[in-house]
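For reference, the structure is listed below as C-alpha cells.
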Amino acid sequence: MSDENGAGQPLDLLLRLLDLERLEMNLFRGQNRDIGSGRVFGGQVLAQSLVAAGRTVQGRQAHSLHGYFMLPGDVRTPIVYQVDRIRDGQSFTTRRVLAIQEGREIFSMLCSFHVDEQGIDHGAAPPEVPAPEALPRELDLVRAMAERIPEPVRDVYTQDRPIDFRPVAPVDPFAPQVQPPLKHVWFRADGEMPDEPILHQAVLAYASDYGLLGTALLPHGLSFLMRRVQAASLDHAVWFHRPFRVDEWLLYSTDAPAAAGARGFTRGSIFTREGTMVASTAQEGLLRLVARKPAGE
C-alpha cells in the first residue's frame, strides 16, 4: 500500500482516496489527485460521495446514484462530504451528499440503497468485440504519442493509472476522424481489490466518468485536446443492476444519441466478460466550441 508521502501503486493511491477521513457522524473528508485536467476529476467526486453515503448504511448495497456537478473542484484543496440521512425504509435507504470546498458546494448527489431481493431477471446482450487481451492498453497508446502532448501536462497524462483501459477502436485525440457516436472500452482495476462491495461500486463509478462525454464528440471529429473545445460534466447517473468485481474485466459500451444547445447526452452499459449486464450510466455535459482568435491576437 502507499506510504505517508503518497508513494505506491496507482490502485493503492485510488483506494487511499476512497478511504475517507471521518470528521463527524455524517461528515467526511477526502483528498484529490490530478489526472491531467488541472481540476478535480468528476469520477473521483462521484466515487468519494458514494463511499461517504455508504459509510452511513448497513446491510444494503447501492442501486442508483444521481449527481450534479456545480463548480470545478480545486485539486489542491481537500473536499468535505456532508451526508444527509433522508430515509431509512424497510427495503430502501436514501442519502443526499454535498461535496464542499472552502464553503462552496461543488457537487450534490442523491443515492439509494436496497436490501438483497429476488425478482424478475433479464439483461441486454453485449456487443461483439475483441477480447481485452487482443487490445493494447490505452496508457501505452498515450505514451507512444507523448511527444505530441504539451510538455506542461505530459507527465500527468502519461503517469501510471489505477485502471487499465483498453479501447476497442482507439481514437487519435490530435487528429480525430468523423465516426458514429459509439464506443466500446474494456476496463478493470490494475490490481487486486478488497472484497468490500461499496469499493467495487465506487471504482466503477470512478471509471464510468472516464471518456463517457467524449463519445458525443466522435461524429464531429473533435477531441478534448483541441483548444477550441470547452467541456465539463454537468450531471452523472449510475444504476447498479447486479453484483460484480471491478478487478475483473468489464466492457463499457457507450453511445451519444443527442447533442444540442452546447450540451451532449451520453449513456453507457457495462457488462462482465461472460456477457452479464451489471450497470448502466447516463451523463449530460457541456460541449462548447470556442471561437479561435486570429493569428497575432
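Remark: Arg29 pairs with Glu21 by the side chain to side chain donor-acceptor pair (under 3.5 Å) rule, at least two apart or across chains. Listed by chain and residue number, Asp255 satisfy the side chain to side chain donor-acceptor pair (under 3.5 Å) test with Arg267 (two or more places apart in sequence, or in another chain). The side chain to side chain donor-acceptor pair (under 3.5 Å) test applied to Thr281 returns Tyr252, not counting sequence neighbours. In this structure Asp235 satisfies the salt bridge (Lys or Arg N to Asp or Glu O under 4.0 Å) test with no other residue, sequence neighbours excluded. With sequence neighbours excluded, no residue satisfies side chain to side chain donor-acceptor pair (under 3.5 Å) with Gln118. The side-chain contact (heavy atoms from CB on, under 4.5 Å) check on Arg39 picks up Ser37, Pro72, Ala232, with sequence neighbours excluded.
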Under 3.5 Å donor-acceptor pairs involving side-chain atoms of residues 92-106, not counting sequence neighbours:
{"from": "Thr93", "atom 1": "OG1", "to": "Arg60", "atom 2": "NH1", "distance (Å)": "3.0"}
{"from": "Arg95", "atom 1": "NE", "to": "Thr56", "atom 2": "OG1", "distance (Å)": "2.7"}
{"from": "Arg95", "atom 1": "NH1", "to": "Arg87", "atom 2": "O", "distance (Å)": "3.4"}
{"from": "Arg95", "atom 1": "NH1", "to": "Asp88", "atom 2": "OD1", "distance (Å)": "3.4"}
{"from": "Arg95", "atom 1": "NH2", "to": "Thr56", "atom 2": "O", "distance (Å)": "3.0"}
{"from": "Arg95", "atom 1": "NH2", "to": "Asp88", "atom 2": "OD1", "distance (Å)": "3.0"}
{"from": "Arg96", "atom 1": "NH1", "to": "Asp84", "atom 2": "OD2", "distance (Å)": "2.7"}
{"from": "Gln101", "atom 1": "OE1", "to": "Asp74", "atom 2": "N", "distance (Å)": "2.8"}
{"from": "Gln101", "atom 1": "NE2", "to": "Asp74", "atom 2": "O", "distance (Å)": "2.8"}
{"from": "Gln101", "atom 1": "NE2", "to": "Thr77", "atom 2": "O", "distance (Å)": "2.6"}

Check residues 188-198 and write down every donor-acceptor pair under 3.5 Å in which the side-chain atom is one partner and the other belongs to a residue at least two apart or another chain.
{"from": "Asp195", "atom 1": "OD1", "to": "Arg245", "atom 2": "NH1", "distance (Å)": "3.0"}
{"from": "Glu196", "atom 1": "OE2", "to": "Arg55", "atom 2": "NH1", "distance (Å)": "2.8"}

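Listed by first and then second residue, the salt bridge (Lys or Arg N to Asp or Glu O under 4.0 Å) pairs that reach into residues 198-223 come to none, sequence neighbours excluded. Note on residues 70-90: no pairs pass ring-ring contact (aromatic ring centres under 6.0 Å, His included), not counting sequence neighbours. Applying the ring-ring contact (aromatic ring centres under 6.0 Å, His included) rule to pairs touching residues 197-223 yields Phe41-Tyr206, Phe165-Tyr210, sequence neighbours excluded.
Looking at Ser208 and His236, their side chains do bring a donor and an acceptor atom within 3.5 Å of each other.
Think of Met226 as one node in a network of Ile, Leu, Val, Met, Phe, Trp and Tyr side chains linked at under 4.5 Å; its network also takes in Leu213, Leu217, Leu222, Phe224, Val229, Leu287, Leu289.
Between the Ser253 side chain and the Ser269 main chain, no donor and acceptor come within less than 3.5 Å of each other.
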